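First up is the structure itself, then whatever we jot down about it.
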Amino acid sequence: MTEPLKIAFIGLGVMGGPMAGHVAAAGYSVTAYNRTTSRGEQWLEDQRAKGHDAQIARTPAEAAAGAAIVLTCVGNDEDLEAVTLGDQGAFAAIAPGALFIDHTTVSAAMARRLDHAARDAGFAAIDAPVSGGQAGAENGRLAVMCGGTEEAITRARPVMESYGARIVHVGAAGAGQTAKMANQMCIAGTLAGLSEAIRLAEAADLDMEGVLEAISGGAAQSWQMENRWQTMVAAEFDHGFALDWMRKDLGYALDEARRLGLSAPVTALVDQFYADLQAMGAGRQDTSALIRRLPEGSEGKTT
């Protein structure tokens, strides 16, 4: 009987935890690491209750030792640097010929840095940020945008298919992160327009369900409209991806735009709107909380 392929998964947060669970459910032997020990222990208990081959490591290096593929899904550049290149980081233990896949949303510069470090150490690296939020991670329906070589992505695809519904190779090292920046810029602009549209419809005393039905079938339709219109109207903002994280992502996008000599005025404006919400204490609410900047009611409305 063939031994299951050994996989390391570093980072068991709201995205990484479900993703690592899908990898284990696909029949791989998963050794995970999480900075918060209690979360790692709970993940392990859940996996073993399902009969999955799972273990917990004490350090990223311990998780990576002997793994054919090492995956990470942490918070930002600094977190990723710590679990890869830091003390007891995974890169010290990844064997030549292995494969490293990062699902964190970080800067393109960090992705290129890790690609260089991986090639120097004799293994391949892919930057593969994901989109689809917590629900996408839990349901195994994430979109994965990949930067790296075609050969590395072909090797990675069977594992990524356990949690990814759409896996697309978009270019060389760093390209996956740049594609994710474009994704976040689109979301930010869409939510800004959606927020203003909802407030307009409310101020005009329109049937909000009727408006949604009317405009969601035309050119204005978007994932945000289909999934967030009703919750934004109801002032419910607990649907996953926190606006603190969106600000982090938009910061990377604006930095990359400047590096490329581009202007991104809409992204910069929405980034400042999110800064206003952080100042209001809304940083852990989801990105659709953008509507909270706009006053409710009929102030200034004429008849």
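Residue numbers run from 1 in the order of the sequence given. Worth saying up front: this structure is predicted, and the values here are computed from it rather than measured.
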- Message: Test side-chain hydrogen bond (donor to acceptor under 3.5 Å, both in side chains) on Gln285 and Asp238; report intermediate values, then the result.
- Response: CA-CA 6 Å; Gln285 294 186 335; Asp238 57 351; over 6 Å; no

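- Figure legend: cation-pi geometry between Arg247 and Tyr274 absent, as NZ or CZ is not positioned both under 6.0 Å from the six-membered ring centre and within 45° of its axis.
- Looking at heavy atoms from C-beta onward, Gln55 lies in side-chain contact with Arg48 at the 4.5 angstrom threshold.
- Salt-bridge formation is not detected for the pair Lys50/Asp46: no Lys NZ or Arg NE/NH1/NH2 atom is positioned less than 4.0 Å from an Asp or Glu carboxylate oxygen.
- Val130 approaches Met15 most closely through the heavy-atom pair CG2-CE, 3.7 Å.
- Apart from Phe91 itself, the hydrophobic cluster it occupies contains Ile10, Tyr33, Val70, Val74, Leu80, Val83, Leu85, Ile94, Phe100, Val106, Met110, Leu114, Phe123, where clustering links Ile, Leu, Val, Met, Phe, Trp and Tyr at side-chain heavy-atom distances under 4.5 Å.
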- Between Met232 and Ser195, does a side chain to side chain contact (heavy atoms under 4.5 Å, CB included) hold up when you go through it step by step? CA-CA 8 Å; Met232 290 166 76; Ser195 297; 3.4 Å; yes

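- The minimum heavy-atom distance between Asp127 and Ala172, with the atom names listed, is OD1-O, 4.4 Å.
- Here the shortest heavy-atom pairing between Ser162 and Ala26 reads CB-CB, 4.0 Å.
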- Message: Using the rule given for side chain to side chain contact (heavy atoms under 4.5 Å, CB included), can you reason through Glu41 versus Ile56, listing the C-alpha separation, both sets of side-chain angles and the distance that settles it, and then say yes or no?
- Response: CA-CA 7 Å; Glu41 291 172 345; Ile56 285 290; 5.8 Å; no

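- By the 4.5 Å heavy-atom criterion applied to side chains, Val233 and Glu202 are counted as neighbours.
- Of the inter-residue distances, the one linking Cys73 atom SG with Asp79 atom CG reads 11.0 Å to the nearest 0.5 angstrom.
- Contact check for Phe237 versus Leu243: no side-chain heavy atoms found under the 4.5 Å cut-off.
- Between the side chain of His22 and the main chain of Gly164, no donor-acceptor pair closer than 3.5 Å is present.
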- Message: With side chain to side chain contact (heavy atoms under 4.5 Å, CB included) as the criterion, how do Val14 and Trp245 come out once you've worked through the C-alpha distance, each side chain's angles and the decisive distance to 0.1 Å?
- Response: CA-CA 12 Å; Val14 295; Trp245 292 113; over 6 Å; no

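- With salt bridges taken as basic N to acidic carboxylate O contacts below 4.0 Å, none links Glu196 and Arg199.
- At least one side-chain heavy atom of Met19 sits under 4.5 Å from a side-chain heavy atom of Leu142.
- Linking ILVMFWY residues whenever their side-chain heavy atoms come closer than 4.5 Å, directly or via other members, places Leu277 and Ile291 in the same cluster.
- Scanning for side chain to side chain donor-acceptor pair (under 3.5 Å) contacts around Ser131 gives Asn183, with sequence neighbours left out.
- Using a distance-only test at 3.5 Å, with no hydrogens or angles considered, a donor-acceptor pair links the side chain of Ser222 to the main chain of Met225.
- For the pair Gly13 and Asn34, the tightest heavy-atom approach, listed with the atom from each and the gap, is N-OD1, 4.2 Å.
- Counting only heavy atoms from C-beta outward, the side chains of Met160 and Cys146 approach each other to under 4.5 Å.
- Interatomic distance, CG of Leu254 versus CG of Leu262, reported as 11.0 Å (0.5 Å rounding).
- Counting non-hydrogen atoms of other residues, nucleotides and ligands closer than 6.0 Å to CZ of Arg35 gives a total of 12 or fewer.
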- Query: For His52 and Tyr28, what are the C-alpha separation, side-chain angles and deciding distance, and is it a side chain to side chain contact (heavy atoms under 4.5 Å, CB included)?
  - Reply: CA-CA 8 Å; His52 298 162; Tyr28 297 101; over 6 Å; no

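- Hydrophobic clustering (side-chain heavy atoms under 4.5 Å, transitive across Ile, Leu, Val, Met, Phe, Trp, Tyr) groups Leu212 together with Met208.
- Counting heavy atoms from C-beta on, the side chains of Met246 and Ile187 come closer than 4.5 Å.
- If you chain together hydrophobic residues whose side chains sit under 4.5 Å apart, Leu294 and Val266 never meet in one group.
- Linking Ile, Leu, Val, Met, Phe, Trp and Tyr residues whenever their side-chain heavy atoms come within less than 4.5 Å leaves Leu194 and Met185 in two separate clusters.
- Atom CD of Glu209 and atom CD of Gln230 lie 4.5 Å apart (nearest 0.5 Å).
- Here the side chain of His169 pairs a donor or acceptor atom with the backbone of Gly171 at under 3.5 angstrom.
- When side chains are defined from C-beta on, Ser107 does not count as touching Asp255, because their heavy atoms never get closer than 4.5 Å.
- Under a cut-off of 6.0 angstrom, the local environment of CZ in Arg58 is sparse, with at most 12 non-hydrogen atoms contributed by other residues, nucleotides or ligands.
- Counting only heavy atoms from C-beta outward, the side chains of Glu256 and Thr178 approach each other to under 4.5 Å.
- Between the CG atom of Asp286 and the CD atom of Gln134 there is a distance of 10.5 Å, given to the nearest 0.5 Å.
- How far CZ of Arg155 is from CD1 of Ile126: 8.0 Å, rounded to the nearest 0.5 Å.
- Of all non-hydrogen atoms in Ala93 and Ala61, the two that sit nearest each other are CB-O, 3.3 Å.
- Atom CG of Leu250 is separated from atom CG of Leu269 by 11.5 Å, given to the nearest 0.5 angstrom.
- Judged purely by atom type and a 3.5 angstrom limit, Asp271 has no side-chain atom pairing as donor or acceptor with the backbone of Thr267.
- The minimum heavy-atom distance between Ala242 and Gly283, with the atom names listed, is CB-O, 3.6 Å.
- In summary, the side chains of Thr190 and Gln224 do not present any donor paired with an acceptor at a separation below 3.5 Å, with no hydrogens or angles considered.
- Taking a 6.0 Å sphere around CZ of Arg258, one finds it holds more than 12 heavy atoms contributed by other residues, nucleotides or ligands.
- Sorted by first and then second residue, the side-chain hydrogen bond (donor to acceptor under 3.5 Å, both in side chains) pairs with a member in residues 95-105 read Thr72-Asp102, Asp102-Thr104, His103-Tyr163, Thr105-Lys180; sequence neighbours excluded.
- Both Ile69 and Val144 are part of a single hydrophobic cluster, where members link through side-chain heavy atoms under 4.5 Å apart.
- Each of Arg113, Arg119, Arg112 was compared with Asp115 under the salt bridge (Lys or Arg N to Asp or Glu O under 4.0 Å) criterion, and only Arg119 meets it.
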